[in-house]
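Take a look at the structure below.
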Amino acid sequence: MKTSTFHLMTTRETPADAEIASHQLMLRSGMIRKLTAGIYTWTPLGWRVLKKVERIVREEMDRAGYLELLMPAVQPAELWKETGRWDDFGDQLLKINDRAGREYVFGPTHEEVITDLARTELRSYKQLPVTFYQIQTKFRDEIRPRFGVMRAREFLMKDAYSFHIDESCLDKTYREMYDVYSRIFTRAGLEFRAVRADSGAIGGSQSHEFHVLADSGEDQIAFSTGSDFAANVELAEAVAPAAGRPEPAEEMKQMDTPDATTIDDLVRQFDQEIEKTVKTLVVEASDEIDAAFIALLVRGDHVLNEFKAVKLPQVASPLRFAEEEEIREVMGAGPGSLGPVNCPVPCIVDRTVAKMADFSAGANIDGKHYFGINWGRDAEPGEVADLRNVVEGDASPDGQGEIQLARGVEVGHIFQLGTKYSESMNAVVLGEDGRSHTMPMGCYGIGVSRIMAAAIEQNHDEHGICWPEPLAPFQLALLPMNAKKSHRVREAAESLYRDLLEAGVEVLLDDRNIRPGVMFNDMELIGIPHRVVIGERGLDEGELEYRARTASENQRIPLEGAVEAILAKLG
RNA sequence: CGGGGCGUGGCGCAGUCUGGUAGCGCACUGCAAUGGGGUUGCAGGGGUCGGAGGUUCGAAUCCUCUCGCCCCGACCA
């Protein structure tokens with residue numbers, strides 16, 4: 001390809017509404033153009049990259065024996081009413097009407113369509129297991145599309161669905177898919193973690209999210225330095241400190257703390273270590289216990305995990321924090337002066353709190369705190385539970401290594417659906433036993449367009465994108481210096497260009513009549529991994545200059561046998 | 001959905017408070033010089049100011065309505 005005939009449209013200025021690196025660079029390099037909120041055109045340059053991602057996904061899916069098909073983007077409402085998702089899916093579901101007023105949805109996902117196909121096509125256990133997949137445009141009417149194609153409304157997704165005779169058959173495909181996904185992201189050159197996700201309401205189901213590690217990620221994940229443990233922060237278990245509770249060293253004393261209503265105040269005004277403070281949160285209790293409210297205690301620097309709290313049988317669902325008046329009524333003091341000593345409502349303490357000694361907390365008297373509190377002697381811990389978010393440095397729940405936190409971009413999700421859809425849509429096959437079996441299903445998604453954004457988040461510098469080789473729009477940029485004036489350069493470039501094409505290299509020859517600096521900047525912006533410069537100077541020496549996108553130094557390669565030398569660089 | 005902000009050539013912005021008939025940078029076109037990291041000079045083309053209505057002799061500017069876009073927000077003892 002030559003730049004003179006390839007529509008290359010880079011801009012120097014960053015569009016005002018692009019917040020994160022990938023969005024800015026995709027716009028500046030001219031890979032996408034926004035049509036309207038959350039909806040983008042893929043330009044020839046961007047489309048080349050997207051196709052690379054697509055190809056990796058497709059090759060690995062095919063290799064695993066999964067079957068590609070293509071389902072309609074527009075689907076009849078009846079199917080969605082059948083599973084109840086016409087109402088349940090929420091406002092993200094784009095509903096449309098045809099000329100006769102019939103209702104349709106633009107598919108945000110395809111469980112209904114594939115299950116409809118399966119119930120008519122699949123009759124016997126002998127046809128199972130089977131996995132279908134497609135790579136297709138989806139539409140989800142996001143509340144707040146942002147970050148370009150990272151959270152777009154229209155996006156390209158690979159979705160796969162598997163059908164099984166029983167759970168163990170599903171489990172086998174699920175595990176296999178886990179490996180396929182790992183291969184896909186590895187091949188794409190991405191640093192990622194497979195994260196155990198919430199199994200949700202569907203009992204016994206398994207679910208993993210695949211996250212590309214990037215600071216701009218919308219999800220925070222916790223992973224171990226010593227094992228492959230990884231989980232969403234909301235779900236990661238916070239284990240108790242290994243060490244036992246220290247013996248009391250201080251007497252408990254009541255202190256006047258009129259101006260301390262937050263942990264921060266307490267730490268600052270009384271020179272307390274934050275690790276020696278406890279905060280008390282009052283939430284509504286469930287019917288399980290004989291009290292209207294219940295107190296949850298976490299260490300001053302820890303954060304209550306609401307997912308964990310609401311799972312406790314004593315806590316009302318949904319979680320509701322007590323209002324200030326309610327707190328005064330039951331506790332006898334306002335928020336900011338609460339603690340476990342003489343606590344009038346039941347307490348549940350976090351595992352870490354249970355192992356604390358000589359700590360401070362509110363006295364349940366306005367303007368007063370107790371310092372030097374010890375469990376057993378001054379207050380009863382009551383029930384101990386995991387109440388908090390994990391923090392860096394916590395022991396990994398599997399006992400191997402420490403917890404580290406990172407932000408991630410969710411690029412894949414695999415899920416054991418069970419019979420949720422097959423049951424409501426009556427997708428059954430005859431088993432070996434001659435009876436009908438409702439097919440357990442799995443579903444597996446990959447955000448194809450999102451991978452592209454995630455890859456840029458992970459691979460860029462101040463000059464632009466540094467594509468992982470397998471995703472780059474071109475492998476090599478061929479840059480002739482001052483070709484307009486120098487026919488030697490022009491001819492050498494043309495001839496090398498033809499030879500490289502012949503050798504199967506995806507090469508972009510910059511034959512625009514522009515300054516070298518512009519060429520360099522453009523090629524770096526769009527992130528071509530390798531570049532070769534041809535100039536009068538080099539030709540005099542019988543040499544070309546080579547440089548990798550991420551390198552800072554040029555290398556010389558002899559003109560003689562240049563194609564072979566370049567091929568060796570491309571790896 | 002709630003709060004805030006913004007819509008002026010393709011992009012980034014100024015002009016709006018204090019109405020007088022639209023400007024800058026980048027990009028684009030032509031010519032010339034330059035020719036190894038976004039070079040320079042000269043000459044050009046392109047917008048009626050998101051839309052509708054109103055006030056006024058006169059509206060990008062004031063008023064009303066409307067559409068679109070962007071940002072923030074669901075850990076508080």
Side-chain angles (χ1 to χ4, degrees), chain A residues 8-20 23-24 27-28 30 33-39 90-91 143-148 153 220 233-234 257 260-266 277-283 293 295-298 300-310 318-328 331 333-339 361-364 366-367 369 387-389 391 462-464 479-486 489 510 512-525 531-540 544-545 547 552 554:
Chain A
L8 195 64
M9 188 44 75
T10 57
T11 59
R12 206 185 306 198
E13 283 172 282
T14 306
D17 53 11
E19 294 274 304
I20 59 171
H23 189 194
Q24 292 175 352
L27 288 168
R28 282 192 54 209
R33 288 284 182 243
K34 184 168 87 170
L35 183 63
T36 184
I39 299 180
D91 294 334
I143 305 169
R144 213 182 132 195
R146 59 182 134 177
F147 304 147
R153 295 198 293 173
Q220 193 161 41
V233 161
E234 292 77 35
T257 54
T261 57
T262 67
I263 293 291
D264 271 357
D265 295 340
L266 203 61
T277 63
V278 165
K279 61 184 172 188
T280 304
L281 298 92
V282 180
V283 300
F293 294 99
L296 306 177
L297 276 65
V298 296
D301 56 329
H302 287 158
V303 171
L304 179 74
N305 181 307
E306 299 189 9
F307 293 86
K308 292 175 180 175
V310 82
L319 188 74
R320 187 177 73 82
F321 285 94
E323 302 291 332
E324 177 155 357
E325 309 85 71
E326 292 171 329
I327 291 175
R328 288 193 179 282
M331 304 293 289
S337 302
L338 306 180
N364 298 321
D366 275 330
H369 280 75
L387 289 179
R388 66 175 176 91
N389 283 342
V391 294
E462 66 272 27
H463 303 295
L479 308 184
M481 295 294 103
N482 197 16
K484 190 177 185 192
K485 286 275 177 65
S486 167
V489 167
D510 201 340
R512 296 173 295 178
N513 179 27
I514 52 172
R515 319 268 311 180
V518 182
M519 281 185 188
F520 294 142
N521 283 315
D522 270 354
M523 296 303 134
E524 282 161 10
L525 177 60
R531 88 170 183 215
V532 166
V533 173
I534 302 177
E536 288 273 358
R537 282 194 324 228
L539 290 180
D540 289 341
L544 301 169
E545 286 166 32
R547 183 143 147 191
S552 52
N554 288 336

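All values below were derived from every heavy atom in this structure, side-chain atoms included, with hydrogens, water molecules and symmetry-related copies excluded. Every chain is numbered from 1 and lettered A, B, ... according to where its sequence line falls, protein lines coming before strand lines.
- Atom CZ of A:Arg512 and atom P of B:rG36 are 17 Å apart (whole Å).
- Using a 4.0 Å heavy-atom cutoff across all strands shown, A:Gly336 reaches sugar-phosphate atoms only and no base atom.
- At the heavy-atom level, A:Leu281 lies under 4.0 Å from base atoms of the strands shown.
- Taking atom NE2 of A:His23 as the reference point, atom P of B:rC69 lies 14 Å away to the nearest angstrom.
- Among all heavy-atom pairs drawn from A:Ile327 and A:Leu338, the shortest one is CG2-CD1, 3.8 Å.
- Using a 4.0 Å heavy-atom cutoff across all strands shown, A:Arg28 reaches at least one base atom of the nucleic acid.
- Taking atom NE2 of A:His302 as the reference point, atom P of B:rA77 lies 14 Å away to the nearest angstrom.
- The nucleotide B:rG30 finds its pairing partner in B:rC42, both defining distances of the Watson-Crick or G-U wobble pair being shorter than 3.5 Å.
- Base contact: A:Arg537 has a heavy atom under 4.0 Å from a base atom.
- Residues A:Asp522 and A:Met519 are not in side-chain contact: their nearest non-hydrogen atoms beyond the backbone lie 4.5 Å or more apart.
- With hydrogens and angles left out, the side chain of A:Arg12 and the base of B:rG10 share no donor-acceptor pair within 3.5 Å.
- In this structure, NZ of A:Lys34 is placed 7 Å from C1' of B:rC70, rounded to the nearest angstrom.
- Using a 4.0 Å heavy-atom distance criterion, A:Asn482 is classed as a base contact.
- In this structure B:rU64 sits in a base pair with B:rA52, meeting the Watson-Crick or G-U test at under 3.5 Å.
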Strictly under 3.5 Å: I want the nitrogen or oxygen pairs between protein and nucleotides 28-34 of chain B, one per line.
| residue | atom | partner | partner atom | Å |
| --- | --- | --- | --- | --- |
| B:rU34 | O2 | A:Arg515 | NH1 | 2.3 |

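- Base contact: A:Glu524 has a heavy atom under 4.0 Å from a base atom.
- Listed by chain and number, the residues in a salt bridge (Lys or Arg N to Asp or Glu O under 4.0 Å) with A:Glu536 are A:Arg488 (sequence neighbours excluded).
- Atom CG of A:Leu319 is separated from atom C1' of B:rC75 by 10 Å (rounded to the nearest Å).
- Look at CZ on A:Arg146: it is 10 Å from C1' on B:rG73, rounded to the nearest Å.
- If you check every strand for non-hydrogen atoms under 4.0 Å, A:Arg320 touches nothing.
- Residue contacts for A:Thr261: at a heavy-atom cut-off of 4.0 Å it reaches the sugar-phosphate backbone alone, with no base atom in range.
- Contact record, A:Thr280 with A:Ala295: CG2-CB, 3.9 Å, taken as the closest heavy-atom pair.
- Side-chain contact between A:Arg28 and A:Thr14 is present, with heavy atoms from C-beta onward closer than 4.5 Å.
- Ion pair A:Arg320/A:Glu306 not flagged as a salt bridge, since none of the NZ, NE, NH1 or NH2 atoms sits closer than 4.0 Å to an Asp/Glu carboxylate oxygen.
- Under the 3.5 Å distance criterion, with hydrogens and angles disregarded, no donor-acceptor pair is assigned to the side chains of A:Arg388 and A:Asn305.
- The existence of a salt bridge linking A:Asp17 and A:Lys34 is confirmed by a sub-4.0 Å separation between a basic side-chain nitrogen and an acidic carboxylate oxygen.
- Contacts of A:Asn305 with the nucleic acid, taken as non-hydrogen atoms under 4.0 Å apart, are absent.
- A 3.5 Å limit on both hydrogen-bonding distances identifies no Watson-Crick or G-U partner for B:rA22.
- If you take CD1 of A:Ile263 and P of B:rC76, they are 13 Å apart, rounded to a whole angstrom.
- Among residues two or more places apart in sequence or in another chain, the side chain to side chain donor-acceptor pair (under 3.5 Å) test is passed with A:Gln24 by none.
- Within the nucleic acid shown, A:Leu479 has no heavy atom closer than 4.0 Å to any nucleic acid atom.
- Within the nucleic acid shown, A:Ala322 comes within 4.0 Å of at least one base atom, counting heavy atoms only.
- Judged by Watson-Crick or G-U wobble contacts below 3.5 Å, the nucleotide B:rA59 has no partner.
- In a base pair of the Watson-Crick type (N1 to N3 plus N6-O4 or O6-N4) or a G-U wobble (N1-O2 and O6-N3), with each distance short of 3.5 Å, B:rG2 is matched with B:rC72.
- Regarding A:Asn554, its CG atom lies at a distance of 10 Å from the C1' atom of B:rG36, rounded to whole Å.
- Counting distance only, with no hydrogens placed and no angle test, the side-chain atoms of A:Glu536 and the base atoms of B:rG36 include no donor-acceptor pair under 3.5 Å.
- The side chain of A:Ala16 sits closest to B:rC13 out of B:rC13, B:rC75, B:rC69.
- Base pairing annotation: B:rG36 forms no Watson-Crick or G-U wobble pair, as no partner gives both donor-acceptor distances under 3.5 Å.
- Base engagement by A:Pro335 is indicated by at least one non-hydrogen atom pair under 4.0 Å involving a base atom.
- For A:Phe321, whose side chain is taken as the heavy atoms from C-beta onward, the closest listed nucleotide among B:rC70, B:rC76, B:rG37 is B:rC76.
- Among the nucleotides B:rG38, B:rG12, B:rC75, the one closest to any side-chain atom of A:Pro15 is B:rG12.
- B:rA77 makes up no base pair with any nucleotide shown, lacking Watson-Crick or G-U wobble contacts both under 3.5 Å.
- Closest to the side chain of A:Ala37, from the set B:rC75, B:rC70, B:rA77, is B:rC70.
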